[in-house]
Each structure stands twice: as structure tokens, then as C-alpha cells.
Amino acid sequence: MTYAKVIVDVPSKETNRPYDYVIPPKLSGWVEIGSRVGVPFGPRILQGFVVGLHQEAEVDAARIKPIAEVSDSEPPLTPELVKLSRWMSKTYLCHDITALQAMIPGALKAKYERYIQAAEGVTSPQSAVEHGVFAGGEMTGNGQGILFESETLERESILRYVIAKGPVKTEQLLLKFEGQATLIKQMLLSGQLTEAQVIKDRLSQKKVLTVYPNENKNEIRAYLDKLPANAKRQKDVLDYLLLHHEPVKLADLLAELDLSASTVKSLAEKGMLIIREADEFRNPYEGRDFTPTLPMLLTPQQQIAYDAIRQDLDDRIHRTYLLQGVTGSGKTEVYLQTIQRTLDAGREAIVLVPEISLTPQMVERFKGRFGDQVAVLHSRLSQGERYDEWRKIRAGQVTVAIGARSAIFAPFTKIGLIIIDEEHESSYKQEESPKYHAKRVAIERACAHDAVVVLGSATPSLETFYQTKSDLHGVPVRLSGGEPAIRLITMSERVAGRPMPEVKIVDLREELKAGNRSMFSRELYSAIETRLHKKEQTVLLLNRRGYSTFVMCRSCGFVAGCPHCDISLTYHQRSRNLRCHYCGYAEREPEVCPDCKSEHIRFFGTGTQKVEEELGKLFPGIRVIRMDVDTTTEKGSHEKWLTQFRNKEADVLLGTQMVAKGLDFPDVTLVGVIAADTVLNLPDFRAGEKTFQLLTQVAGRAGRHHLPGEVVIQSYSPEHYSIEHASRHDYDSFVMQELGMRKERGYPPYCRLILITMSHEHIPVLVQIGEALANTLRERAGAAREGEPSFEVMGPVASPIPRIKDRYRFQCMVKYREESAAIEAVKAVLASFESRVKPHKIQISVDVDPQILM
DNA sequence: AGCACGCCGACT
DNA sequence: GTCGGCGTGCTC
């Protein structure tokens, strides 16, 4: 007998283990490691993943139930990914099911639906009596005649409804007969009604009604000519079809022309069009031509990088590289050619890019080189589109996957190369469970495939840079010795020897002293003016973080805050209301200060809108494209704005972080940073690093082509080392200084962190549990190794955001070194606290290697 | 996470 | 005397 070990879709501690199931004969051959299955679990059927096949079961054979169904013809996960999920749940302390589900597209996440229908043979209330199942009222011993009567009526009406409607979703039935839940339960118990449960994929293979115009345009024209003058609606439709002459969704057509379906139907009868169900249109890049690009001749530095990586690819050994290349040094071409080498050897490649820089330009370059060998995965795709791209990978129809963080789980089986571009980006860390870092996952996967990992960046994260050394500031990087974990390849020259742009730092304090209260310094003002004259373009960066649009009263200093979270509300111009980013609370924009009734309440935080306004005042007629969350939520809007800017339909591209990454416009010769220190003031030990990275990235947008570039950085703290080093494009000096600071203060990369956050409605409960938890951890730390503790525990302290959704938040920080048993200790201690935590409904979340310390 | 089983207060 | 409150405990 073969048994399957199944992880079921219940993310809780008690069920976080495999359950044994029998594989029934009819499913033999369909159940593999990685299969998605439906299994009976207690009273219901749940989705689960097969993580093992065994000849023997661990429990009494009598208790073991059979697998009910197999969801896919081919398992969505490979054995390698199943194994990886175990590693993830151990490394990041999450449930196995959470790790498994992170690896499949959202479309495959289970949706459970329950349906109620009348018992078999029951076709009317009378027949229910005949079937002898209508005795419930008397059986309960309810002697009250009147109540019995009304209950009978209710039963009849429910039964009639269910019989008429066929299977009804349980929740719908309960909604329809509100307050009759008990009765319905009784009817289920007595057998008049039966309930069935099904597992559905979140994605319904959606068929949509689609209008196909008559192929022959002339027939349409002929009909149009004969149309009576009062048939305006029909005329609208036909005009539309003549103009577009391609299939269109019926719903879209109706909305577009504001008409009812009957008009279209009558045209269908006349043979002018056909309405039928079609698979929803789902190739996001369908019909787009990608200009094929040929490999370019490599510069000497590119060649060195290529040769090193190629050697390991050919030898099929796992290694991790840090490809540190200044902006414009041509990292992408190295990626492309090493990928080519990988494909030539019959292996596959994964390319990760930050979501924000997964621009059409980027996709074009890969599609241009590798054509339909490329699958693209990013959040702008609909769930269905993403599922389709994912299926191409699983089916082996493509060999290159390019995408954001989760693309690291691309279900390839012969991975040769994994590239992580802009490896320093914090978006590679998932902030929800499983709180994995794509970089670590990449290295783990690469080990399993003997694949090469290439981390690319102009401004590598300190953690990565640190690992390219054997020791730094007198501290050995690896306690176990040996060569550095990551090999460093540097590309210090820009392609074609273009110089780095000149960077000027403007001290905004001096501007204020000189009487300039505008947000543009004189320097930046005249630089923009010059560009307008020369018809060159400008990119302006406004760092939104720390600059967000809160509301403050200038009379009394009142700041509008969320009543449920300790955070200020953000002003949204579009809806003219104030919203909380953490809990979604919204209120109307105040006209007077709620506190002192003053009218001097205003929206602070010069958002991009404010900058745009001021630009318009300073330079009448200036054409500005503004890119921020407000203007880029719509699908494809991102692309639209960039195309407009490329076509020189605007003089200035103004935006948040998203304008800093990866864009490449030939006529941009000026980059301005409105305020460089907004990030610096955040309570985050990485603030300096983030600032340096952002400034370096955005400076790299200027002068990438024949025209020389100029960068103006405005700041209130221009002497800060991260700003100074950035202005000189001097990563090495920055990194050494920053590392010195980290070592002194005991921060990564000299240690690693685990952030434990506890939340509860009442502070005293939190203080108590927090202290107890920290102390228990400290005891274990001391006990683990004699002399020096194996890890340190800080806190508990209130979290930087002390309250979210009416729950207070406290946190502890664990500092440890690679080889310590800190994670196991945290896991064990949390398990031992379970009995103290659960009854009080205290929530505890663990973040291993946190990127944000909130 | 559900859902059932199981022991104490407002009703007929 | 019952209905039903939600406190433990289990799910192959």
C-alpha cells in the first residue's frame, strides 16, 4: 500500500505536519510529490499538497482516509520546490502550508464553497413527508402548536426555494433565510437537505461573452446604409465595429456605447455580428513585436565578468557572484549573454528585477533577445495572465522567467542561472508570511541545481558586499573560515567611456538664509531653466517617505491621526479624504481644526502634486509628467507616462522612487533631488545606506547617452557622509564608513536579526508577555554556549508604530551570528509560550532578517 | 482554522 | 426542565 503525506490548508501550529492518506486505486499514478489534492480532514474536504510517498503509514491504518481528488493533471510543484518549502518554513518560521502556497500562483489558491440541495427524491414539500424525513417538529418534543405551525411553514418555504433553485451556496441560503440558521441545520441533520462541499481554484477559467464582428466589412456597410434614421443605437454599434473590427467583450461594448444587450442581440440576428463565449484574452504581450537584438561586443570589464560566470556555468558548479557595476556599465548585456550560455547548455534561467523597474523597456530587452522563450511574471498582470505565464514555465514551453520577487519560485527543473538585478532593493524581502528574502531563496535553489547566482547592483547592500570579503574591520566574515561566500566582480567603467554626471549639492539652509523659501534652490531653478531653453529633459525626484501628506493645524499643531493606529492620516486629493495606510480607516477632509476650530488647517507634506503646482508657477507653460501612486494605479498607465516622456511630450518627469530606477532616456541631462534627507531622518539603521543607494541610482539617470549629465541634490544636511559619497560616486568610501558605523553599533552585517513583534489590545498584557518571552530567550542564550552567549536579546520595547488596528505592539530583537542556534531557540520558546499566548489572543509574528524594523 | 463535544445561565 | 453560550481538543 502506498500512502501520501499531505500538508493541509490549515495554517495553524497544531496542523503543521503531514497527514497520511491512502491513494485510492483510481488515482494511482496521479498522485506525485508536489501534487495538489483534495483530502477529507475532519468533517470537511480541504486542499493539500503531497510532500511524500511512503509504503507505510505512521498511524493506525483504520484511521487513514483516502485522497478525494487530484486537482491538476500535472503537479504544480516539483520535488525540489517541495523540499525548498521545508527549508523556508524552518528558516523563516512559518507554517509549511504558507511556504507551499507562496510558490504557486494566486489563481491556484483554494476557494471552498458549500452547496445545499434537497435530499435525493425530494421534489416537493409533500414528497419530503412521504420520504419520512419530515418528522423533525414532533421529534424535538416542541408541544406548542402555533410555533410548530410557523416552523412547518418555514421549512416548506426553504424546501420550496431549494428545490426550485437547485444547489444553492450555503452562505447565500443563510443570507436569504436570515435567522433560520438553526432550522436549516436541523433540516440538514434530519436529511431533508444535504450539503456538499467543493474546492475550486480561485481562478475561474473565465469565459466571457464576446462580440465578433461580421468578417465582411462591406456587408456591415450595406446594412448600415439601409438602416432607418431612428435606429441610432444600432448605427453606433456598427460604426464602432467598423472602426475597430476586432472581437470585443460584450460588457465593454455595452459600457462604451451605453446601450442594452438587446440592441446587440438584434444585430446578431441580422448576421452583423456573432456573440459567443470566448476564453478571456490573456496574453499581455500578444501582437507586440519585439525588435530582435543581437549580442553586443563586450567591453573588457564585461568580458571578464562574462568569462568568470561562463566558466562556472560550464563546470556546473554552484557559486554566487556580486556583479558590482556603476550605472551604465552594461550589466544587462552580461546578464543576456550568460543567459544565452545557460540556454545553449539546455538549462533554464530566472531573472529577478524589482517590481518597480520591471518596465516595458526591461521586458523588451529580454523578449528582444530570447523571443517567446521568455515568461514574464509581475503584479501588473491579472491573476489569470500570471497563471498563464506560470503554466508556460511549468510545461517547459519557456526557458527564461523574468519577474519580481515571487518569480524565484518559477517551477523550472533544470536551472542553470539565477540573476538578481538591483540586489540591494528591499522589495526582495516579502513583508508578509512567509517573510522570505528572494536572495537567500535564490542561493538555496541554486545549490540544489548546481546553478550560478549573479547579484547585480551599482550600490550593493552591505550584507552582500560584506560576504565578498574574508574579514572586515578586524572581524572575520565567516566563523568557519574558508573563502568568501560571494565572489566580487567590479565594473567601474561606463559603456563607451561616458563620464559619470557631475553632482552638485545644495544646502537648503543657506537658501533659506538667502531668503529663498521656495522648494527649488536657485541652483536647481536655473538648471531647469537651462534645460527648457535647450529642449533637454529633466527628471525630478521627490522622496515620498517621510514626506507624506499629513494634515496639520498651523494654529495649535494638531495633526490628524488614525483613531485605531498611532500614525498620521494621509491626505488623498482624488477622494478628498484622509486615510490610514495601515487599517484603511477614512474620514472626510476637515474644514476647520477639530481641536481648536482654527481654519488654518492645511495639508502638509509637499507631495508630488505640490511640486507640480510650484513648477507650473515658476515656469509657465512647462510640461510635467507626474508619476506617483495616484497617477500609476491604472493598468498600463506607468507605460503610458514613460512613452510620453520618451517622445518628448514633456519637459519634466516628476516622481517618487519609481523614477529613480532603471529608466534610460537619451535626452535627460538633468536630475534634481528635491530633498535628499527625508529618508535619513527615519529611525532605521539602514537610513544612510538607503539614501546613498537612492541618490546614486537617480544620479545614474542623467547623461547616459551623447549629452553630458548634471545632478543637483538639495539637502538640509549636505555634510552627511551618505550624501557626500553619493555625490562623488564613491561606493567604496561610503561602504567602509557605513560598515564602521554598523560594527560600532552592533548592526548587520556584523550580526543578524530576528524581530519578534507582539500585539494585543491591552498594554499590560503585552508588557508581561514581552518581558517573560525576552527573559526566557535570554536564559536560553546564556545556556547555549558557555562563556559567551550565542545570541543577544533586546527589548521588549514599543514598536515604532505602537498601535495598529486598535492593537498595541511591542517588539523584541534577537541579534545573532550565522552559526548560532537563535532561530531554533526562538521557535522553541514560542512553542513553549503557546499556552500562555493563545488564551489571551496575543498575536506574535517573527521576522527573520527584517528589512524594516516596524 | 473550523467544527464538534461538553458543561453552566435565561427561557418555556 | 431545554436552548444555547463559547471553552478545550482533534483533524490522517
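A, B, ... follow the sequence lines: proteins, then strands. Residue 1 opens every chain. What you see is a predicted model; the values in this text were computed from it and never measured.
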Quickly work out the D20(A) CG to dC12(C) P distance and round it to whole Å.
11 Å
R394(A) side chain to P75(A) backbone, donor-acceptor under 3.5 Å:
yes
Just to be sure I understand the geometry, which residues of residues 38-49 of chain A put a non-hydrogen atom under 4.0 Å away from DNA chain B?
P43(A), R44(A)
Atom pair CD (E355(A)) and OH (Y428(A)), whose distance is rounded to the nearest 0.5 Å
10.0 Å
Using whole Å, report how far CG of N16(A) lies from P of dG2(B).
16 Å
Could you check how far OH of Y21(A) sits from P of dT11(C), rounded to whole Å?
10 Å
What integer distance in Å separates I199(A):CD1 from dG2(B):P?
13 Å
Please report the distance, rounded to the nearest Å, between CG in D60(A) and C1' in dT11(C).
15 Å
Scan R17(A) against the nucleic acid and name what it touches under 4.0 Å (heavy atoms): base, sugar-phosphate only, or nothing.
base
Donor-acceptor pair, D9(A) side chain versus G48(A) backbone, under 3.5 Å?
no
Closest approach of F412(A) and A401(A), non-hydrogen atoms and distance?
CE1-CB, 3.6 Å
Between H564(A) and Y585(A), is the ring centroid distance below 6.0 Å?
yes
So, Y436(A) side chain and A99(A) main chain: donor-acceptor pair closer than 3.5 Å or not?
no
To the nearest angstrom, the CD-C1' distance between Q101(A) and dA1(B) comes to 13 Å
Using modelled atom types and a 3.5 Å cut-off, is there a donor and acceptor pairing between side-chain atoms of R780(A) and backbone atoms of A822(A)?
no
Tell me, which of residues 2-15 of chain A have any heavy atom that sits under 4.0 Å from an atom in DNA chain C?
E14(A), T15(A)
Flag the pair Y19(A) / F41(A) as yes when their ring centroid distance falls below 6.0 Å, and as no otherwise.
yes
Is it the case that the side chain of S799(A) and the backbone of P802(A) share a donor-acceptor pair, with hydrogens and angles ignored and the cut-off at 3.5 Å?
no
Write down the distance between NE2 (H95(A)) and P (dG2(B)), rounded to a whole number of angstrom.
13 Å
Should the pair W390(A) and Y387(A) be assigned to parallel (<30°), tilted (30 to 60°) or perpendicular (>60°) ring geometry?
parallel
Any side-chain to backbone donor/acceptor pair from T91(A) onto W87(A)? Under 3.5 Å, distance only.
yes
Would you kindly give the CG-to-P distance between D96(A) and dT11(C), to the nearest whole Å?
19 Å
Distances for protein N/O vs nucleotides 5-7 of chain B N/O pairs under 3.5 angstrom?
none

